[in-house]
**Student:** 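This structure is in structure tokens; I'll ask about it shortly.
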Amino acid sequence: QVQLVESGGGLVQAGGSLKLSCAVSGRAFRTSTMGWFRQAPGKEREFVAAITWSGGNTDYADSVKGRFTISRDNAANTVSLQMNRLKPDETGVYYCACDPSGWVRIYIRDYAYWGQGTQVTVSS
């Protein structure tokens, strides 16, 4: 079993930065792909970023490329999402997720384990 707990959300002005963290328990973490997703009010959950177990492969949604960076620390069982130049329409709940397959995948259905989410609010 894998458990995920996100932290680091909060209120930030447009153009500002936040760093989200996800603490992961469970042995599967070290061979799993980790992803970040977000869900804006009234919208469907969407892919943000993913990173393979080694950190060697990453993928990002086009809308965040060049501004967001996903990273992981396998020794500490954590995955992070550094978000820069945030925009108001990026307000929402951000979720950490685990895909035991180890492949870089962008679909919700591929991720077996999810955190409870952390709220990010970007004010204009």
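Since we're looking at a predicted model, the values are computed, not measured.
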**Student:** Please test R30 against N77 for side-chain contact (heavy atoms from CB on, under 4.5 Å), starting from the C-alpha separation and ending with a verdict.
**Tutor:** CA-CA 8 Å; R30 299 192 179 188; N77 277 25; 3.4 Å; yes
**Student:** Tell me, with the steps shown, if V122 and K87 meet side-chain contact (heavy atoms from CB on, under 4.5 Å).
**Tutor:** CA-CA 6 Å; V122 185; K87 305 174 183 179; 5.5 Å; no
**Student:** How long is the straight-line distance from OG of S63 back to CD of E46, given to the nearest 0.5 Å?
**Tutor:**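 Going from the CD atom of E46 to the OG atom of S63 covers 6.0 Å.
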**Student:** Would you say Q3 has more than 12 foreign heavy atoms packed within less than 6.0 Å of its CD?
**Tutor:**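 Atom CD in Q3 is not crowded, with 12 or fewer foreign heavy atoms closer than 6.0 Å.
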**Student:** Identify, with sequence neighbours excluded, every residue that meets disulfide bond (SG atoms under 2.5 Å apart) alongside C98.
**Tutor:**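 Here no residue qualifies.
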**Student:** What's the shortest heavy-atom distance between S17 and Q82, and which atoms?
**Tutor:**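 Of all heavy-atom pairs spanning S17 and Q82, the closest is CB-NE2, 3.9 Å.
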**Student:** State, yes or no, whether a side-chain contact exists between V120 and T91 at a heavy-atom distance under 4.5 Å.
**Tutor:**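 They are not in contact (no side-chain heavy atoms under 4.5 Å apart), so the answer is no.
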**Student:** Between Y113 and P100, what is the shortest heavy-atom contact and its length?
**Tutor:**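 Closest approach of Y113 to P100: CE1-CG, 3.8 Å.
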**Student:** Should C96 and M34 count as side-chain neighbours, where that means a heavy-atom distance under 4.5 Å?
**Tutor:**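 Yes. Closest side-chain heavy atoms under 4.5 Å.
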**Student:** Does NZ or CZ of R45 come closer than 6.0 Å to the centre of the six-membered ring of W114, within 45° of the ring's axis?
**Tutor:**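 So R45 does make the cation-pi contact.
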**Student:** Do V79 and I51 touch side chain to side chain, with heavy atoms closer than 4.5 Å?
**Tutor:**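 Heavy-atom side-chain distance check passes, below 4.5 Å.
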**Student:** In chain order, what residues pass the side-chain contact (heavy atoms from CB on, under 4.5 Å) check against T52, with sequence neighbours excluded?
**Tutor:**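 Only T33, S54, N57, V104 meet the side-chain contact (heavy atoms from CB on, under 4.5 Å) criterion with T52.
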**Student:** Within a strict 4.5 Å, meaning less than it, do heavy atoms of the N84 and F68 side chains meet?
**Tutor:**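 N84 vs F68: side chains apart.
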**Student:** Does E6 reach the main-chain N or O of Q116 with its side chain, forming a donor-acceptor pair under 3.5 Å?
**Tutor:**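 Looks like yes, one N/O pair under 3.5 Å.
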**Student:** Does R85 use its side chain to pair, donor to acceptor, with the backbone of G15 at less than 3.5 Å?
**Tutor:**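 No, the answer is negative, given that no donor and acceptor are paired below the 3.5 Å cut-off.
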**Student:** For residues L4 and F29, determine if any side-chain heavy atom of one lies less than 4.5 Å from a side-chain heavy atom of the other.
**Tutor:**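 In short, these two side chains do not touch, never coming nearer than 4.5 Å.
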**Student:** Between V2 and Y111, is there a shared hydrophobic cluster once you connect ILVMFWY residues whose side-chain heavy atoms come closer than 4.5 Å?
**Tutor:**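 Different hydrophobic clusters.
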**Student:** Enter the distance from D99:CG to Y107:OH here, rounded to the nearest 0.5 Å.
**Tutor:**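 With rounding to 0.5 Å, CG (D99) is 13.0 Å from OH (Y107).
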**Student:** Any chance you could lay out the side-chain contact (heavy atoms from CB on, under 4.5 Å) test for L81 and T69, step after step, and finish with the verdict?
**Tutor:** CA-CA 6 Å; L81 183 69; T69 303; over 6 Å; no
**Student:** Under a 3.5 Å distance rule, please check whether R105 uses its side chain to pair with a backbone N or O of S101 as donor and acceptor.
**Tutor:**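 It does not hold such a pair.
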**Student:** What's the spacing between L20 CG and I70 CD1 if we round to 0.5 Å?
**Tutor:**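 Answer for the CG-CD1 pair, L20 versus I70, is 10.5 Å.
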**Student:** Less than 6.0 Å separating the ring centroids of F37 and Y95?
**Tutor:**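 Here the rings of Y95 and F37 have centres that are no less than 6.0 Å from each other.
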**Student:** With the side chain counted from C-beta on, respond yes when S80 and R72 share a heavy-atom pair under 4.5 Å apart, and no when they do not.
**Tutor:**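 The answer is no; the side chains never approach within 4.5 Å.
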**Student:** Looking at CH2 of W103 and CG of D110, how far apart are the two atoms once the value is rounded to the nearest 0.5 Å?
**Tutor:**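 Between W103 CH2 and D110 CG, I get 12.5 Å after rounding to 0.5 Å.
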**Student:** What verdict does the side-chain contact (heavy atoms from CB on, under 4.5 Å) test give for C22 and V24, after you've listed the backbone C-alpha separation in whole Å, the side-chain angles of each residue and the deciding distance to 0.1 Å?
**Tutor:** CA-CA 6 Å; C22 177; V24 186; 3.9 Å; yes
**Student:** Can a donor-acceptor pair be found, under 3.5 Å and without considering hydrogens, that links the side chain of T121 to the backbone of L11?
**Tutor:**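 The answer is no, because no donor-acceptor pair under 3.5 Å joins these two groups.
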**Student:** Which one of V12, L18, V64 satisfies the side-chain contact (heavy atoms from CB on, under 4.5 Å) criterion with E90?
**Tutor:**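 Testing E90 for a side-chain contact (heavy atoms from CB on, under 4.5 Å) against V12, L18, V64 leaves exactly one candidate, V64.
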**Student:** Name all residues meeting the side-chain hydrogen bond (donor to acceptor under 3.5 Å, both in side chains) criterion together with Y94; count only those two or more places apart in sequence or in a different chain, and write none if there are none.
**Tutor:**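 Listed in chain order: R38.
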